[in-house]
Amino acid sequence: MDLHQLFKYRLTGANVFCEIPTENNLANSSWQTSPLKLEFSNSPYTPLSTQLECDNLSALSNTPDNQSSTETISAQPISPLEADSSYIKAGSIRENIQVRPDPLYATSRHNMQQTLRDIENVLMAPDADDATTSTKHEFEDTKPAQLMRQRSRTWSHESRQPLPGVVRPHFASGGYPTASYEFRPEKRQRELRDDRQHIVKGLLTKCAEALSEDRTEEFLKLVQEARGTVSINGEPIQRLGAYLLEGLVARHGNSGTNIYRALKCREPESKELLSYMKILYNICPYFKFGYMAANGAIAEALRSEDNIHIIDFQIAQGTQWITLIQALAARPGGPPHVRITGIDDPVSEYARGEGLEIVGNMLTSMSKEFNIPLEFTPLSVYATQVTEEMLKIRPGEAVAVNFTLQLHHTPDESVDVNNPRDGLLRMVKGLSPKVTTLVEQESHTNTTPFLMRFLETMDYYSAMFESIDANLPRDSKERISVEQHCLAKDIVNIIACEGKDRVERHELLGKWKSRLSMAGFKPYPLSSYVNSVIKKLLACYSDKYTLEEKDGAMLLGWNTRKLISASAWH
């Protein structure tokens, strides 16, 4: 099986990738779950809220490696200053079960089908090198993200102007400027947006500085001032600011640890959480990028193997492997025998709604449907508890190990003197895998001091919130829920927690390279053909997404900010 065949299935085989969903194409998908009903309520003033009914808090706090980004609890509105109970309902940004989409971000199925046909024609060309010569203009007519950005976005707090094409600013004194002070709407809106960003970022930075220097009275005054500038319904920096501010308040009240532990105490409303994860999965290419890069490297490294063993250290729903399995089943010489060992911590069962058995059932159905011999072994343990004996490597198996948005949850030497992060990498290297894939957030929040970590978090998530704006309007309840349940928990954990309870410990690609090299790995450069395919994927979204090749790895970004890195090792 070559890469052309893999990405034929990646883009078209399961209606998973590079297709902005509609009611019809999701309804006809063979691998979707049962339709899930989305229920939304009016958002409270504070972005973080929950119910503190937890009988097993102390037990969970002692659970080994109790760090997962897939948990959530039900929520009730509270005061934003009640730091000890300012919690959110949230989950891992990795889950991707199909659900019925909202028409706000659905686009024309006909246009998208045309895009898919164009992409497939390029990918299935006889010479793989030709794929890199296609230019972006081939897809300009079918960019759903650009269509979404054309949707009118009006603000309730801004008065409508009587003259078309002209904005007349209203002074605080109540008067209007003369005609010589009239501006074009686009320029004026850009100026207002830049002013708001400057004000919000400045206030939040002052809050963080005061907190880091123990200037309590000043901090509390700045918090009150900052609350008037942030909103979960505002611009990206205002929405992000609401969650950053809650993290600062929780840190001041020494309640960050209690918040994160309490989030693990109750079984989350899994169907609701998965619906939010699916929305995020569809409106942004972050997960698709990671899955395509990892699967492309695995397909290339194992293209001539007859016995394949894939070890996934956070299998979640298992949907990353759907298109790879389809491509393997279509090998001209017949399909290989495939084993998949799916590892996921016990708490993630709540986000799935069931145990790993649901993943096994899905893979069994695929085995029968595509006539490919496939075994599934579930391991419901934390990554640091996995041993070589548990994996039961068989003679003659070609092993592939996958770390997708998972390894940063494993503590390193700054948290545990035993350095479980590097220990896990050494254990994996001992398996002699043909390829090991790594997908991680391109951010440095692991060992940096608090103030620098706060500024890094604000910069990183500012870009991510802006990218969400490209497809979901400001007044969308779905957007509010996605940000609250899929992103806010991680933000609060980075800002409010320390020690073992701060589990969101991201590192830059350069640091990951050092760790993998020290464990004995060597780079396995990602194919330029995979790069070209991912560029076609990004053409389905916004032209503000960027893709950079760096030393055999790939980095996905928004404007100038790098957000996700993908690399392969052997």
Side-chain angles (χ1 to χ4, degrees), residues 61-71 92-94 247 251 256-257 260-261 264 290 311-314 343-345 347-348 381-388 401-431 433 436-457 460-461 489-523 553 555 562-569:
S61 66
N62 296 323
T63 302
D65 223 353
N66 64 343
Q67 44 230 2
S68 171
S69 59
T70 59
E71 308 86 345
S92 166
I93 63 171
R94 182 162 184 254
R251 183 181 181 89
T257 298
Y260 201 77
R261 287 177 178 173
K264 298 183 177 183
I311 303 170
D312 189 347
F313 270 85
Q314 191 178 38
I343 303 165
D344 220 347
D345 63 75
V347 186
S348 296
V381 296
Y382 293 97
T384 53
Q385 296 174 329
V386 176
T387 64
E388 184 174 347
V401 178
N402 182 61
F403 291 104
T404 300
L405 301 174
Q406 185 277 334
L407 199 53
H408 68 272
H409 289 143
T410 304
D412 72 341
E413 65 276 9
S414 67
V415 181
D416 188 331
V417 293
N418 295 317
N419 196 354
R421 184 174 294 189
D422 288 354
L424 178 58
L425 289 175
R426 288 193 296 270
M427 187 275 289
V428 169
K429 179 59 179 173
L431 303 176
T436 297
T437 54
L438 177 69
V439 179
E440 279 293 344
Q441 288 96 324
E442 184 67 1
S443 180
H444 186 23
T445 62
N446 183 20
T447 58
T448 48
F450 165 69
L451 183 57
M452 293 178 62
R453 187 167 78 239
F454 177 86
L455 296 175
E456 166 71 356
T457 302
Y460 181 89
Y461 283 97
K489 173 172 170 278
D490 293 349
I491 294 169
V492 172
N493 181 259
I494 295 170
I495 301 303
C497 297
E498 292 295 349
K500 291 185 178 181
D501 293 297
R502 181 159 64 85
V503 302
E504 299 299 327
R505 293 179 170 270
H506 308 119
E507 293 185 316
L508 298 173
L509 177 61
K511 182 63 175 179
W512 289 117
K513 285 183 175 181
S514 297
R515 291 189 184 277
L516 285 153
S517 297
M518 287 171 43
F521 287 93
K522 295 181 180 179
L555 294 123
K562 302 297 184 292
L563 295 175
I564 306 289
S565 68
S567 59
W569 304 80

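Note that these values count all heavy atoms, side chains included, but never hydrogens, waters or copies made by symmetry. Just so it is clear, the model here is predicted, and its values are computed rather than measured. Numbering of residues begins at 1 and proceeds along the displayed sequence.
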Please check: side-chain N/O of Arg421 versus main-chain N/O of His408, any donor-acceptor pairing under 3.5 Å? yes
Contacts of type side chain to side chain contact (heavy atoms under 4.5 Å, CB included), residue Thr448, not counting sequence neighbours: His444, Met452, Arg453
Counterpart residues, side-chain hydrogen bond (donor to acceptor under 3.5 Å, both in side chains), relative to Thr447 (two or more places apart): none
Verdict with reasoning, Leu431 to Ile311, per side-chain contact (heavy atoms from CB on, under 4.5 Å): CA-CA 11 Å; Leu431 303 176; Ile311 303 170; 4.0 Å; yes
Please determine whether side-chain contact (heavy atoms from CB on, under 4.5 Å) holds for the pair Ile495 and Phe450, giving the CA-CA distance in whole Å, both sets of side-chain angles, and the decisive distance to 0.1 Å. CA-CA 8 Å; Ile495 301 303; Phe450 165 69; 4.1 Å; yes
Applying side-chain hydrogen bond (donor to acceptor under 3.5 Å, both in side chains), name anything that partners Arg515, two or more places apart in sequence or on another chain. Asp412, Glu413, Asp422, Glu507
Which atom names give the shortest non-hydrogen contact between Gly290 and Val439, and what distance separates them? O-CG2, 3.7 Å
Could you name each residue pair satisfying salt bridge (charged side-chain N to carboxylate O under 4.0 Å, His left out) that touches residues 437-448, not counting sequence neighbours? none
Interatomic spacing from OG in Ser443 to CD1 in Ile564 - rounded to 0.5 Å: 10.0 Å
Looking only at non-hydrogen atoms, find the nearest pair between Thr457 and Ile491 and report the distance. CG2-CG2, 4.4 Å
Nearest heavy-atom approach of Lys500 to Val415 is CG-CG1, 3.5 Å
From OH (Tyr460) to OG1 (Thr445), nearest 0.5 Å: 9.5 Å
For Pro433 and Val428, the nearest pair of non-hydrogen atoms, with its separation, is CD-O, 3.3 Å
Glu388: partners by salt bridge (charged side-chain N to carboxylate O under 4.0 Å, His left out), with sequence neighbours left out: none
Are the side chains of Leu563 and Gln441 in contact, using a 4.5 Å heavy-atom criterion? no
Heavy-atom closest pair (Ala383 atom, Gln406 atom, distance to 0.1 Å) is CB-NE2, 3.3 Å
Across all chains, not counting sequence neighbours, the side chain to side chain contact (heavy atoms under 4.5 Å, CB included) partners of Lys429 are Phe521
Restricting to non-hydrogen atoms, name the atom on Arg505 and the atom on Gly499 that form the minimum distance, rounded to 0.1 Å. NH2-O, 3.0 Å
Phe403 meets the ring pair (Phe, Tyr, Trp, His ring centres under 6.0 Å) criterion, sequence neighbours left out, with Phe313
Nearest-0.5 Å distance, CE of residue Met427 to OG1 of residue Thr384: 10.0 Å
Check: Trp569/Ser567 side-chain N/O donor and acceptor closer than 3.5 Å: yes
List the residues meeting side-chain hydrogen bond (donor to acceptor under 3.5 Å, both in side chains) with Thr436, not counting sequence neighbours, and say none if there are none. none
Does the side chain of Leu407 come within less than 4.5 Å of Leu438's, by heavy atoms? yes
Once side-chain hydrogen bond (donor to acceptor under 3.5 Å, both in side chains) is applied, do any residues pair with Thr437, and if so which ones, sequence neighbours excluded? Asn402
Do Thr404 and Asp312 touch side chain to side chain, with heavy atoms closer than 4.5 Å? no
Which value, rounded to the nearest 0.5 Å, describes the distance between Phe454 atom CZ and Ile494 atom CD1? 11.5 Å
Glu504 and His409: side-chain donor and acceptor closer than 3.5 Å? yes
Going by the rule side chain to side chain contact (heavy atoms under 4.5 Å, CB included), which residues pair with Asn418 if we only count those two or more places apart in sequence or in a different chain? Asp416
